[in-house]
Amino acid sequence: MKSRKLVYEGKAKVLYEGPEPGTLVQYFKDDATAFDGKKKAILEGKGVLNNRISEYLMTQLTQIGVPNHFLRRLNMREQLIREVEIIPLEVVVRNVAAGSLSTRLGLEEGTALPRSIIEFYLKDDKLKDPMVTEEHITAFGWAGPQELDDMTALAIRINDFLSGLFLGVGIRLIDFKVEFGRLWEGELMRIILADEISPDSMRLWDLRTNEKMDKDRFRRDLGGVTEAYSEVAKRLGILTELANTERKGPVLVK
Ligand code: UDP
């Protein structure tokens, strides 16, 4: 195997130096973690599925004009991405109460929210990713006011688009997390979507049965994690089987 320079190793992904300046190779591992890394497992095939699902969703988002770091998929587990300076925030968009929102506010999981809600969390493992307000973000300089506006506007567009996309294949987008980065083009800097969008970072429920098709299957020991991710990929028309690279397009659920 070619030796390449490791840039960053996270819980589920590894970043290597890319072939050209300003690019990185993003490698998707099979590792699953939850509860601030306290729960761990290797889920065979998860990395392959997340690579494909994230590729598909990022490509669709490019088509509607949501700028993002994805350049092209290199192989089963790797994609070429633009190098950005990651903004140390997790931007969560919620449509339906679940997870930490349900716990914090005592809302029954599955309760539709009066409108989509955006939350920010500071990316800091030692502090367990605390929720922060826009006041904190601008006061401590994690992002500027214009950057916050840009991230919020992009998060809303991503939510509207993905909600519709998933609804079309019989899946409810409950909530998701995205990360953004700064991309410099000469003197100009713009905010683009980075990281990944996959069932590791979204809550997806089957429209008819409410069955969970996301990482909650791992967090809550429900089993069938990669099977659920695979079903998401199938419904999106990404894979009919793992080895098949032919793309057939989304499968409309009537
Ligand atoms: N999420 C994520 N990474 C995190 C925390 C949350 O991808 O470090 C995603 C999670 O999968 C869900 C959404 O963000 O789709 C909202 O998560 P929540 O705040 O409910 O936290 P959780 O219950 O997952 O701890």
K.L.:
Hydrogens and angles aside, do Glu135 and Thr133 bring a side-chain donor and acceptor to less than 3.5 Å of each other?
P.N.:
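The answer is no; no qualifying pair exists.
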
K.L.:
Do Glu179 and Ile87 make a side-chain contact, defined as non-hydrogen atoms from C-beta onward lying under 4.5 Å apart?
P.N.:
no

K.L.:
Mind checking whether Glu108 and Ser102 have side chains closer than 4.5 Å, heavy atoms only?
P.N.:
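With C-beta onward as the side chain, the pair stays apart.
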
K.L.:
Looking at side-chain heavy atoms only, is the closest gap between Phe120 and Thr152 below 4.5 Å?
P.N.:
yes

K.L.:
Compare every heavy atom of Phe28 with every heavy atom of Gly47, then report the nearest pair and how far apart it is.
P.N.:
O-CB, 3.2 Å

K.L.:
If you take all heavy atoms of Pro145 and Thr138, which pair is closest and at what distance?
P.N.:
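Scanning both residues completely, I find the closest heavy atoms to be N-CG2, 3.8 Å.
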
K.L.:
Tell me who clusters with Ile174, hydrophobic residues only, linked when side chains sit under 4.5 Å apart either directly or through other members.
P.N.:
Val96, Trp205

K.L.:
To the nearest 0.5 Å, what is the distance between CG (Leu89) and CD (Glu119)?
P.N.:
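It comes to 13.0 Å.
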
K.L.:
Do Ile86 and Val92 share a hydrophobic cluster (ILVMFWY, side-chain heavy atoms under 4.5 Å, transitive)?
P.N.:
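No, Ile86 and Val92 fall in different hydrophobic clusters.
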
K.L.:
Starting from Met189, can I reach Val84 by hopping between I/L/V/M/F/W/Y residues whose side chains sit under 4.5 Å apart?
P.N.:
no

K.L.:
Output the distance between atom OH (Tyr56) and atom CZ (Arg73), rounded to the nearest 0.5 Å.
P.N.:
14.0 Å

K.L.:
Step through the shown structure and confirm whether more than 12 heavy atoms of other residues, nucleotides or ligands are within 6.0 Å of CD on Glu185.
P.N.:
yes

K.L.:
Under 3.5 Å, is there a donor on one side chain and an acceptor on the other for Gln146 and Asp150?
P.N.:
yes

K.L.:
For the side chain of Asp214 and the backbone of Leu204, is there at least one donor-acceptor N/O pair under 3.5 Å apart?
P.N.:
yes

K.L.:
Give the C-alpha distance, both sets of side-chain angles, the deciding distance and a yes or no for side-chain contact (heavy atoms from CB on, under 4.5 Å) between Asn210 and Arg172.
P.N.:
CA-CA 8 Å; Asn210 279 336; Arg172 253 206 314 168; 3.7 Å; yes

K.L.:
With rounding to the nearest 0.5 Å, note down the distance linking CE in Met58 to CD1 in Ile53.
P.N.:
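Here the rounded value is 12.5 Å.
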
K.L.:
Can a salt bridge be assigned to the pair Glu90 and Lys128 using a cut-off of 4.0 Å between side-chain N and carboxylate O?
P.N.:
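No, this pair does not count.
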
K.L.:
So, is the end of the Lys46 side chain (NZ or CZ) under 6.0 Å from the ring centre of Tyr229 and within 45° of the ring's axis?
P.N.:
no

K.L.:
Treat each ILVMFWY residue as a node, draw an edge where side-chain heavy atoms are under 4.5 Å apart, and state whether Leu167 and Ile158 are in one component.
P.N.:
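Not linked; separate clusters.
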
K.L.:
Are the side chain of Ser54 and the backbone N or O of Ile197 linked by a donor-acceptor pair below 3.5 Å?
P.N.:
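It does hold such a pair.
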
K.L.:
Mind checking the CG-OG1 spacing from Leu71 to Thr59? Nearest 0.5 Å is all I need.
P.N.:
10.5 Å

K.L.:
Only pairs at least two apart or in different chains count here, so list each ring-ring contact (aromatic ring centres under 6.0 Å, His included) that has a residue in residues 142-175.
P.N.:
Phe140-Trp142

K.L.:
Only counting residues at least two apart or in another chain, list the ones meeting side chain to side chain contact (heavy atoms under 4.5 Å, CB included) with Asn75.
P.N.:
Arg77, Glu78

K.L.:
Flag yes if Val178 and Leu148 sit in one hydrophobic cluster, no otherwise; membership is Ile, Leu, Val, Met, Phe, Trp, Tyr, and two members link when side-chain heavy atoms are under 4.5 Å apart.
P.N.:
yes

K.L.:
As an exercise, state the distance from NE2 of His69 to CZ of Arg82, rounded to the nearest 0.5 Å.
P.N.:
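Here the interatomic distance stands at 10.0 Å.
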
K.L.:
Can you name the nearest heavy-atom pair linking Ala143 to Glu147, along with the distance?
P.N.:
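Closest approach of Ala143 to Glu147: CA-OE1, 3.3 Å.
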
K.L.:
What residues form a salt bridge (Lys or Arg N to Asp or Glu O under 4.0 Å) with Arg217, not counting sequence neighbours?
P.N.:
Glu211

K.L.:
Over all heavy atoms of both residues, which pair between Ile118 and Ala155 is shortest? Give the atoms and the distance, please.
P.N.:
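Result for this residue pair: CD1-CB, 4.1 Å.
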
K.L.:
Any donor and acceptor pair, going by atom type alone, linking the side chain of Asp129 with main-chain N or O of Lys123 inside 3.5 Å?
P.N.:
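Checking the backbone N and O of Lys123 against the side chain of Asp129, no donor-acceptor pair under 3.5 Å is found.
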
K.L.:
Is the shortest distance from a Lys or Arg side-chain nitrogen in Arg4 or Glu17 to a carboxylate oxygen in the other one below 4.0 Å?
P.N.:
no

K.L.:
Can you list the residues that meet the side chain to side chain contact (heavy atoms under 4.5 Å, CB included) rule with Asn95, with sequence neighbours excluded?
P.N.:
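Once residues adjacent in sequence are excluded, the partners of Asn95 under the side chain to side chain contact (heavy atoms under 4.5 Å, CB included) criterion are Ser116, Asn159, Ser163, Leu173.
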
K.L.:
Distance-only, no hydrogens or angles: does the Lys29 side chain make a donor-acceptor pair with backbone N or O of Gly10 under 3.5 Å?
P.N.:
yes

K.L.:
Please tell me whether Leu162 and Leu49 are part of a single hydrophobic cluster in this structure, the criterion being side-chain heavy atoms less than 4.5 Å apart.
P.N.:
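Yes; tracing contacts between hydrophobic side chains, which count when under 4.5 Å, links both residues.
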
K.L.:
Could you pull out the closest heavy-atom pair between Asp175 and Ala98, with the gap in Å?
P.N.:
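The pair with the smallest heavy-atom distance is OD2-CB, 4.0 Å.
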
K.L.:
Indicate yes or no: at least one non-hydrogen side-chain atom of Asn68 is less than 4.5 angstrom from one of Ile81.
P.N.:
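Asn68 does not reach Ile81 side chain to side chain.
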
K.L.:
Output, in order, the C-alpha distance, side-chain angles, deciding distance and verdict of salt bridge (charged side-chain N to carboxylate O under 4.0 Å, His left out) for Asp200 and Lys215.
P.N.:
CA-CA 5 Å; Asp200 269 5; Lys215 196 171 151 184; 5.3 Å; no

K.L.:
Does Gly170 offer a backbone N or O that forms a donor-acceptor pair with the side chain of Arg235 under 3.5 Å?
P.N.:
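Confirmed, Arg235 side chain pairs with Gly170 backbone.
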
K.L.:
Test your reading of the model: is there a side-chain donor-acceptor pair from Asn51 to the backbone of Met76, 3.5 Å cut-off?
P.N.:
yes

K.L.:
Step through the shown structure and confirm whether more than 12 heavy atoms of other residues, nucleotides or ligands are within 6.0 Å of NZ on Lys40.
P.N.:
no

K.L.:
Which heavy atom of Ala194 sits nearest a heavy atom of Gly181, and at what distance?
P.N.:
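For Ala194 and Gly181, the tightest heavy-atom pair comes out as CB-N, 4.3 Å.
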
K.L.:
Would you indicate whether the side-chain heavy atoms of Pro199 and Asn50 approach each other to under 4.5 Å?
P.N.:
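Asn50 vs Pro199: side chains touch.
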
K.L.:
Would the number of heavy atoms belonging to other residues, nucleotides or ligands and lying under 6.0 Å from CZ of Arg72 be above 12?
P.N.:
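Open: at most 12 neighbouring heavy atoms sit under 6.0 Å from CZ of Arg72.
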
K.L.:
Keeping the roles fixed (side chain from Gln63, backbone from Gln60), state whether a donor-acceptor pair exists under 3.5 Å.
P.N.:
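No.
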
K.L.:
Please tell me whether Thr209 and Asp206 have a donor and an acceptor in their side chains that are separated by less than 3.5 angstrom.
P.N.:
yes

K.L.:
Measuring only between side-chain heavy atoms, which start at C-beta, is Phe180 closer than 4.5 Å to Leu193?
P.N.:
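Touching, per the 4.5 Å side-chain cut-off.
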
K.L.:
Side chain of Asp30, backbone of Gly45: donor and acceptor closer than 3.5 Å?
P.N.:
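Yes; at least one donor-acceptor contact below 3.5 Å.
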
K.L.:
Distance check, rounded to the nearest 0.5 Å: Leu24 atom CG versus Leu80 atom CG?
P.N.:
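CG of Leu80 is found 8.5 Å from CG of Leu24.
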
K.L.:
Output yes when Asp221 and Lys39 qualify as a salt bridge under the 4.0 Å nitrogen-oxygen rule, no when they do not.
P.N.:
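Yes, Asp221 and Lys39 are salt-bridged.
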
K.L.:
Once side chain to side chain contact (heavy atoms under 4.5 Å, CB included) is applied, do any residues pair with Leu113, and if so which ones, sequence neighbours excluded?
P.N.:
Arg94, Ala97, Leu101, Leu107, Ile117

K.L.:
Would you say Val169 and Leu165 make side-chain contact, with heavy atoms under 4.5 Å?
P.N.:
no

K.L.:
Can you find a heavy atom in the side chain of Leu207 that is under 4.5 Å from one in the side chain of Ile171?
P.N.:
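Contact flag for Leu207/Ile171 side chains = no.
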
K.L.:
With a cut-off of 6.0 Å (strictly less than), are more than 12 heavy atoms of other residues, nucleotides or ligands near CZ of Arg104?
P.N.:
yes

K.L.:
Distance only, no hydrogens: is a donor on one side chain within 3.5 Å (strictly under) of an acceptor on the other, for Gln79 and Gln26?
P.N.:
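There is such a pair between these side chains.
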
K.L.:
One pair to check against salt bridge (charged side-chain N to carboxylate O under 4.0 Å, His left out): Glu109 and Arg220. What are the steps and the verdict?
P.N.:
CA-CA 14 Å; Glu109 281 212 319; Arg220 303 179 188 192; 2.8 Å; yes

K.L.:
Can Asp216 and Lys212 be counted as an ion pair, charged N to O under 4.0 angstrom?
P.N.:
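So Asp216 does not pair with Lys212 through a salt bridge.
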
K.L.:
Charged N to carboxylate O under 4.0 angstrom, Lys177 versus Asp195?
P.N.:
yes

